[in-house]
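In what follows, a single structure is set out as structure tokens and then discussed.
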Amino acid sequence: MDIEFVTVGADLAEKTALALIVFEGAPLSGAAAEADRQSGGALSRALESARFTGAKGQVLDVVAPAGHKAARLLLVGAGKAEAFDDIGAEHAAASAYNAVKLSGVATLRVAFGDAAAARPERAALGLRLAAYRFDRYRTKEPADKKPSVTKGEVACADPDKARAAFVDYAALADGVAFTRNLVSEPANILFPAEFARRVKELETLGLEVEILGEAEMAKLGMGSLLGVGQGSARESQLVVIRWNGAADPKAQPIAFVGKGVCFDTGGISIKPADGMEDMKWDMGGAGAVAGLMHVLAGRKAKVNAVGILGLVENMPDGEAQRPGDVVTSMSGQTIEIINTDAEGRLVLADALWYCQDRFKPKFMVDLATLTGAIIISLGNDYAGLFSNNDELSENLLAASKTEGEPLWRMPLPPAYDKQIDSMIADVKNTGGRPGGSITAALFLQRFVNGLPWAHLDIASTAWKKPSTVPTLPEGATGYGVRLLNRMVAEKYEG
Ligand code: BES
Ligand code: MN
Ligand code: ZN
């Protein structure tokens, strides 16, 4: 969607819906009062015969108001004025888009009834995020099922200022869309080498991208990651993305590591058929890291950052690893494979070790659709945070609040660590059902070499079906990109 910022009174083009964001219980004021006047009281009359209170998410749609140039006037509820914030602006604009996207209008203009509350660049971000759509495999979609709105306008007091403030948010929206595209792609299209190729294309943004194949990983001793991919016809890949935006190109980097299982059948410990198609998005962690690097480059962040993607496909063929196998990781630690479906931690074990060994970063944050158990613990809105470092955790939690990507800290009790002690090797890859997300995180902790580290288990949030958040269309969410970008911007730049 194209975004423009315009002045409050600017002329309306044909086929434009004018959305007025209003607060709960407040009388129509500012632009909303003006629109009511221009339409000879159409909004006031509509309010008399509607149960519209201005509560969050409510939309009142008045079609073809007499005396007004707009094709539609919408009142969009933004909740109580005192509680209105940046996320509220995004959600209100997104709700307006969702209400008219199929209506036939070509342009949506969002205006704030009470201009003092305006957050125009965030409203524009809300439009961009809500308008995302993955439709490349639809060849027969009827025209009336396709969104008609192709342009978003945000009316505000100072369009130049809003336009300037939006630049970084546009980069953010681009990065989130990049992640959502990767996550939405089916596994026959997006296998490890194709994922790596798409990331390599980001070099045009100024990123440096290296791709390691199986031979190079074997040389490095990555028996843990390679074991996961050995039952697949597709070659495993390790992708290293670098953004050097700090004044000192040699300054110590920060690092992000993503689980990129392009498809997770479970391997020999094969998953049940029901819902297995969802395992195409088992690369959501790597997708988020790639999207984050896209944003950092897009907005030229003043930081040195490394993104590492462990890309594999977990398949069960005659070469596949078996339960009971023992593999040797790059760290030298041996791992007994109890369940080949606990593969994400095996990929991350080598990716994390490689990351700290090569880059000695300030910290590492990994993202992974790691466990079904995190969905049982936290439900479908919160991702789980596991960390050996309180400061890093606080920074992540603060960013999660500002960006509206819910995150909840989970414990890493040393006593549970013995659940993953093996009879014959240094560690085993499952710790039984109790605390399944915790023992998965404890497993990862054995491969961070004591560095400040945080693990985000995003199995609960990488995909939303159905969605209850107006800025998240059904499907891939891009969870993690916003929160990590915010944390970098506020704590690690300059
Ligand atoms: N990719 C799955 C986790 C997952 C489950 C993500 C559901 C999204 C939705 C992961 O590789 C897995 O299979 N984990 C197992 C671990 C178990 C074998 C210890 C799980 O959660 O059941
Ligand atoms: Mn699995
Ligand atoms: Zn998996």
Side-chain angles (χ1 to χ4, degrees), residues 183-184 187 190-192 195 224-225 227-232 234 236 257-288 309-316 320-325 335-351 366-384 386 410 416 419-422 427-444 455-465 475-477 479-480:
V183 174
S184 301
L190 196 85
F191 44 90
F195 192 144
S224 182
L225 185 154
V228 176
Q230 89 191 22
S232 165
R234 308 287 199 182
S236 301
V257 179
K259 166 180 172 179
V261 178
C262 292
F263 196 79
D264 180 13
T265 64
I268 296 300
S269 314
I270 199 161
K271 289 181 181 295
D274 216 29
M276 202 203 272
E277 69 280 5
D278 284 349
M279 287 301 117
K280 76 171 185 183
W281 50 265
D282 208 18
M283 34 55 69
L309 319 177
L311 305 178
V312 303
E313 189 182 48
N314 188 20
M315 299 288 280
Q321 73 181 349
R322 294 150 289 255
D325 284 3
I335 305 167
E336 184 187 9
I337 311 298
I338 301 300
N339 187 320
T340 64
D341 196 12
E343 85 297 339
R345 63 199 76 180
L346 297 171
V347 171
L348 289 173
D350 279 337
D366 78 74
L367 291 95
T369 51
L370 204 64
T371 66
I374 200 69
I375 308 172
I376 306 301
S377 308
L378 296 177
N380 294 118
D381 289 346
Y382 282 81
F386 301 81
M410 303 280 285
Y416 293 13
Q419 279 176 240
I420 51 170
D421 286 338
S422 159
V427 61
K428 59 182 180 181
N429 81 329
T430 60
R433 282 170 61 81
S437 306
I438 299 174
T439 52
L442 287 166
F443 180 95
L444 299 180
H455 155 60
L456 308 189
D457 192 337
I458 60 168
S460 43
T461 56
W463 186 267
K464 246 179 163 31
K465 193 174 67 177
T477 59
Y479 182 98

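Just so you know, these numbers come straight off a predicted model, no measurement behind them. Note that ligands are numbered from 1 as they come in the structure, with each ligand's atoms numbered from 1 the same way.
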- Task: First locate atom CG of Leu190, then atom NZ of Lys280, and finally report the distance between them rounded to the nearest 0.5 Å.
- Result: 10.0 Å
- Distance (rounded to the nearest 0.5 Å) between Leu225 CG and Leu311 CG: 8.5 Å
- Nearest neighbour in protein (non-hydrogen) for atom 16 (C) of ligand 1: Arg345 NH2, 3.8 Å
- Nearest protein heavy atom to atom 15 (C) of ligand 1, by residue and atom, and its distance? Asp341 O, 4.1 Å
- Message: Given 3.5 Å as the limit, does a donor-acceptor pair link the side chain of Ser460 with the main chain of Tyr382, or not?
- Response: yes
- Task: Ignoring hydrogens and angles, tell me if any N or O in the side chain of Asp282 forms a donor-acceptor pair with the backbone of Met279 under 3.5 Å.
- Result: no
Close side-chain approach of [X] to [Y], heavy-atom, < 4.5 Å:
| X | Y | value |
| --- | --- | --- |
| Val312 | Ser232 | no |
| Met410 | Ser377 | yes |
| Phe386 | Ser437 | yes |

For [X], take its heavy atoms, then give the atoms of ligand 1 lying under 4.0 Å from any of them.
| X | value |
| --- | --- |
| Thr371 | 3 (C), 21 (O) |
| Gly372 | 3 (C), 4 (C), 5 (C), 20 (C), 21 (O) |
| Ala459 | 6 (C), 8 (C) |

- Item | Positive for side-chain hydrogen bond (donor to acceptor under 3.5 Å, both in side chains) with Ser269, one of Thr340, Asn314, Asp341 | Thr340
- Task: For ligand 1, find out whether one of its N or O atoms is nearer than 3.5 Å to an N or O atom of Asp264.
- Result: yes
- Is there a protein heavy atom at a distance of less than 4.0 Å from atom 22 (O) of ligand 1? no
Which of these, [options], has its nearest heavy atom closest to [atom]?
| atom | options | value |
| --- | --- | --- |
| atom 18 (C) of ligand 1 | Asp282, Asn339, Asn429 | Asn339 |
| atom 19 (C) of ligand 1 | Ile374, Asp278, Val347, Thr430 | Thr430 |
| atom 8 (C) of ligand 1 | Lys259, Met279, Glu343, Lys271 | Met279 |

- Message: Angle at the Mn ion (ligand 2), O of Asp341 to OD2 of Asp264, rounded to 10 degrees, please.
- Response: 170°
- Task: Quick one: the OE2 of Glu343, the Zn ion (ligand 3), OD2 of Asp282 angle, rounded to 10°, please.
- Result: 100°
- If you measure from the Lys or Arg side-chain nitrogens to the Asp or Glu carboxylate oxygens, is any gap between Lys259 and Asp366 under 4.0 Å? no
- Any idea which N/O/S atom from Glu343 gets closest to the Mn ion (ligand 2)? OE1
- Has Met283 got any heavy atom lying under 4.0 angstrom from an atom of ligand 1? no
- Message: With the threshold set at under 4.0 angstrom, would you say Leu370 reaches ligand 1 through any of its heavy atoms?
- Response: yes
- Can you tell me if an N/O/S atom from Asp282 lies under 2.8 Å from the Mn ion (ligand 2)? no
- Query: Looking at Asp264, which of its N, O or S atoms is the nearest one to the Zn ion (ligand 3)?
  - Reply: OD2
- Task: Mind listing the closest non-hydrogen atom pair of Arg345 and Leu370 along with its distance?
- Result: N-CD1, 3.6 Å
- Would you mind telling me which of Ile376, Ile438, Thr439, Asp457 makes a side-chain contact (heavy atoms from CB on, under 4.5 Å) with Thr371? Asp457
- Would you say Gly344 has an N, O or S atom lying under 2.8 Å from the Zn ion (ligand 3)? no
